[in-house]
Each structure stands twice: as structure tokens, then as C-alpha cells.
Amino acid sequence: MKAKYYDPLFYISSEKMPFTIRIEGGLKETVSQQSLKYAVGRTMKRYPYFAVRLVEQDGELLAKPNEMPVVVYQGPVVYPLGSDLVNRHLLAVSYLEKQICFYVSHVITDGGGFVPFIKTVLYYYLCDRYQIELDPSGINLADDAFFDDELGNPYPEEKMKDAEPFYQTKPTDFFRLRDGGYVRDRAATVFRFSLKEDEFMRFNYDNDGSPCALISVLMAKAVQSLHPGETKDVVSAVSFNLRPGLGNRHSYRMLCSAIMLNYPDKTRSADVTKMCTCSRGMIMLQSQPENVIYCAAKRKELVEKLLALPDVEEKKRLCGQMALKDSTDNTFSVSYVGKIGF
């Protein structure tokens, strides 16, 4: 079976850039391995599209069903997805003390598509761990049917034929990290900051912000503080969920794009509230339905050209170029999955 343009684009993933999503959950008590394994196994019945392995076939990389169990392991080490360590799955779960970590290939899905899976795991975990019956409202249970828009082609092809964007911004000359001497010559470093959600959201409300807008503003101001003479624009690439604009809120597929927030040097000295208001305006302009449909049309055009290439290596080469371009088309990127409600 030939791959469709909306199928997982595995060529973009590599050892150097594995495109792995990691979402952590903190519990009040030590994790029970037995209950977690039970919960993951039960959950996989509802999400068979995550139980896949990568197969090369007829010059293409395709997702095929994987009958092996999803690996649930203890420890802080991140196992490479698709390896023997995780039974060739593109999904894994680890735990350590009071933390649970969920991993999935970003090629298959995104935060919006993965959160329902996590909610189901946590539901079954808590029910089994504490031998209680919780209200399953808003949870996809193991025997529940799929939503009408969960599988299949998520794109409205008729609307995509003559798509035109409502608003576009394409900064050409902007501040890149290498301009400031920030060259990655070692393994990536991760800094984790813990914020109280109610205080963080109150600060947003008080300053006409949203999580992505506020963090983008603070990052832009950080550049201004460290490089006060910098005249180039600072560009924040904000992850953007296409589902509402496509009308496919339950689709599990990778349906995120990026909105560009542009901060010229003259605006970076403005107060936080004014910058947040401008940022939210840029987000609203670029998230209009016309922009979503246009993004879908351009994605289809690009992926179909890629799939027409003769072999896997050629497709990987082009995808590598695309990934490098995307990662250098901004000063920094901001991603916010959103509040997981139960």
C-alpha cells in the first residue's frame, strides 16, 4: 500500500533528530509498576494506531502493526524509539519514583493527538492502583468506538484546491542564536522551571497574555537584554494546532504547524502588556481558518513531491534539508500542549 500525503512522514526522523515527544506526569505517591503496565496494555486496545513499527517497503517507509507489547520500564534513561529496546515500537512509557514519562514519535502525532492516550493511561492506572471506580467522562475507554474524525484523511481537499492565506508574515533577516555566539558544540542542555499554574495564568490575565504569547515576549526581551544593540528582528515560532480550523478535533495525526511572532528592535523595549497584546493579535491573524486551509494545501503539495522521489535515501535527504530549514527559520520556538483536564 502506497503512503498518502497525510500518513506519517518517517523520513524526517533520524538518530541526530529523532523527533520524540516526551510528556511527564507527576504523582503524589510512588508509581506502581504493576498498575502502570496494566494501564498501558489496556489503553493500547483503544489506540491501535500507536502500536506500530517502521518497515521499509517498495522505496517507502511505512507504519505496520506491531503485536509486541509496549515497553514500560523503570529509570531516567530515554530509550530510542523504534529500537529493540522498545520492541521496535514508536511509543514507550517509563517511570521513576513519582514520575511517569510518555514518549511517542512526533512523526505519528503531536501533543494534541497524544494527550487523549495519556488521559486513558492515567484513568486505568488510578482505577487499578487504588481499586476505585472513577468517572470516565471525557476519557476514551478500551472498548469505545473511534470518533468519526479520528482516523483517515484529516484534510478538507475541496477547500484546499484554491486556498489563499488570510494573513502571512515572512521575516527575512532576523536574529539567530549563532549571531549571538550560541553554537551547539556539545549535547543539548535542558533547563526545567517549575511554575505555579494559578500564578502564571493570573500574570497572563493581568498582562493581556496567553502562555505562548507571554513566553515569546519574555524570550524576546531576554535577547534585548543580552544584546542591547541588536537591530535584527527576533522571531518566535509558536506551535499551532490545526485541528479546530480543519474541523477534525479528534484526529490523532500530526496536525501542528507554526505561527511566526515577529519582534522588531523598536518594539522589544515596550512594556510586557503591550507586547502581549500585539503577540495575541499576530496569533489571531495567523490562526484564521483561511490560513489553516492554506497551510494544509501547501503541506500536501510539498509531501506529494517528496513521496514521488524514487528511494528512501533520497526522501531522507530532502526531509533533512526541510527539517534544518524549519529549525533555522526562527530565533526560538515555543510550544504549549495546554491544560489536561479530567
Side-chain angles (χ1 to χ4, degrees), residues 1 3 7-25 27 30-129 139-144 146 150-151 251-254 312-313 315-316 319:
M1 184 177 67
D7 286 332
L9 198 62
F10 293 111
Y11 314 99
I12 205 166
S13 181
S14 66
E15 281 190 25
K16 290 185 177 180
M17 194 176 289
F19 276 80
T20 298
I21 296 175
R22 169 182 167 133
I23 298 180
E24 295 184 19
L27 305 180
T30 302
V31 175
S32 163
Q33 182 189 55
Q34 179 179 335
S35 292
L36 184 57
K37 285 188 173 182
Y38 163 78
V40 171
R42 188 89 172 114
T43 298
M44 293 309 296
K45 289 188 62 180
R46 176 56 181 75
Y47 303 92
Y49 43 75
F50 288 149
V52 294
R53 57 191 173 89
L54 190 58
V55 173
E56 183 173 339
Q57 180 179 309
D58 299 328
E60 294 188 323
L61 294 177
L62 303 172
K64 296 291 185 179
N66 190 341
E67 303 298 331
M68 297 288 286
V70 171
V71 172
V72 177
Y73 66 96
Q74 182 179 14
V77 179
V78 179
Y79 288 170
L81 298 183
S83 70
D84 290 333
L85 290 171
V86 293
N87 287 340
R88 313 301 297 180
H89 274 286
L90 301 172
L91 167 76
V93 179
S94 72
Y95 67 95
L96 184 65
E97 298 178 352
K98 299 179 182 180
Q99 293 288 121
I100 301 176
C101 295
F102 301 89
Y103 308 92
V104 71
S105 171
H106 204 345
V107 177
I108 297 178
T109 190
D110 53 29
F114 196 40
V115 162
F117 172 89
I118 294 172
K119 290 172 66 172
T120 303
V121 170
L122 293 178
Y123 171 82
Y124 282 122
Y125 173 83
L126 294 173
C127 287
D128 186 76
R129 176 77 167 82
I139 307 294
N140 298 331
L141 299 181
D143 297 322
D144 285 351
F146 295 127
E150 191 170 352
L151 308 176
S251 178
Y252 77 91
R253 298 179 184 277
M254 207 289 286
V312 169
E313 290 307 313
K315 291 168 184 170
K316 283 184 176 180
C319 270

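On a predicted model such as this, the values are computed, not experimentally measured, just so you know.
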Keeping Asn87 on the side-chain end and His89 on the backbone end, is there a donor-acceptor pair under 3.5 Å?
no
So do the side chains of Val71 and Leu85 get within less than 4.5 Å of each other, counting heavy atoms only?
no
In this structure, CD1 of Ile21 is separated from OG of Ser105 (nearest 0.5 Å) by 7.5 Å
Apply the test side-chain contact (heavy atoms from CB on, under 4.5 Å) to residues Met44 and Leu91: give CA-CA distance (whole Å), side-chain angles for both, the deciding distance (0.1 Å), then the verdict.
CA-CA 11 Å; Met44 293 309 296; Leu91 167 76; 3.6 Å; yes
Can you tell me how far the OG1 atom of Thr43 sits from the CG atom of Leu36, to the nearest 0.5 Å?
9.5 Å
Looking at Glu97, I want to see if its CD is surrounded by more than 12 non-hydrogen atoms of other residues, nucleotides or ligands under 6.0 Å.
no
Check whether Tyr124 reaches the backbone of Tyr38 with its side chain - one donor and one acceptor, N or O, closer than 3.5 Å.
no
Distance-only side-chain donor-acceptor flag, Ser94 / Tyr103, under 3.5 Å:
yes
May I ask you to decide if Met254's main-chain N or O and Thr109's side chain share a donor-acceptor pair within less than 3.5 Å?
no
Could you tell me which non-hydrogen atom of Leu62 sits nearest to which non-hydrogen atom of Ala3, and how far apart they are?
CD2-CB, 3.8 Å
Do Ile118 and Ile23 come close enough that some side-chain heavy atom pair is under 4.5 Å?
yes
Spell out, as yes or no, whether a donor-acceptor pair under 3.5 Å connects the side chain of Glu56 to the backbone of Val312.
no
Could you give the distance from NE2 (His106) to CZ (Phe114), rounded to the nearest 0.5 Å?
11.5 Å
Taking Ser13 for its side chain and Phe19 for its backbone only, find out whether a donor-acceptor pair lies under 3.5 Å.
no
Residue pair Val52 / Ala63: nearest heavy atoms and the distance that separates them:
CB-CB, 4.0 Å
Apply the test side-chain contact (heavy atoms from CB on, under 4.5 Å) to residues Phe146 and Asn140: give CA-CA distance (whole Å), side-chain angles for both, the deciding distance (0.1 Å), then the verdict.
CA-CA 9 Å; Phe146 295 127; Asn140 298 331; over 6 Å; no
Start with the C-alpha gap between Asp7 and Arg253, add the side-chain angles, then the distance that decides, and say whether side-chain contact (heavy atoms from CB on, under 4.5 Å) holds.
CA-CA 8 Å; Asp7 286 332; Arg253 298 179 184 277; 3.4 Å; yes
Would Phe117 and Phe50 satisfy side-chain contact (heavy atoms from CB on, under 4.5 Å), going step by step from the backbone distance to the final call?
CA-CA 9 Å; Phe117 172 89; Phe50 288 149; 3.9 Å; yes
Surrounding NZ of Lys315 (heavy atoms of other residues, nucleotides or ligands, distance under 6.0 Å), is the total greater than 12?
yes
Indicate yes or no for a side-chain donor-acceptor contact from Ser35 to the backbone of Ser32 under 3.5 Å, with no hydrogens or angles considered.
no
Checking the side chain of Tyr47 only, and the main-chain atoms of Pro116 only, is there a donor and an acceptor separated by less than 3.5 Å?
yes
To the nearest 0.5 Å, atom OG1 of Thr120 lies from atom NZ of Lys45 at 13.0 Å
Determine, using ring centers only, whether Tyr73 and Tyr79 are less than 6.0 Å apart.
yes
Taking the side chain as every heavy atom from C-beta outward, state whether Arg53 and Met68 have any pair of such atoms under 4.5 Å apart.
no
Test your reading of the model: is there a side-chain donor-acceptor pair from Arg22 to the backbone of Phe102, 3.5 Å cut-off?
no
What are the two closest non-hydrogen atoms of Leu61 and Phe10, and how far apart are they?
O-CD1, 3.6 Å
Restricting to non-hydrogen atoms, name the atom on Arg42 and the atom on Asp143 that form the minimum distance, rounded to 0.1 Å.
NH2-OD2, 3.9 Å
Do you know which two heavy atoms are closest between Tyr125 and Val31, and how far apart they sit?
OH-CA, 3.4 Å
Minimum heavy-atom separation for Leu141 to Arg46, with atom names?
O-CD, 3.2 Å
Would you give the length of the straight line joining atom CG of Leu90 to atom OG of Ser83, rounded to the nearest 0.5 angstrom?
10.0 Å
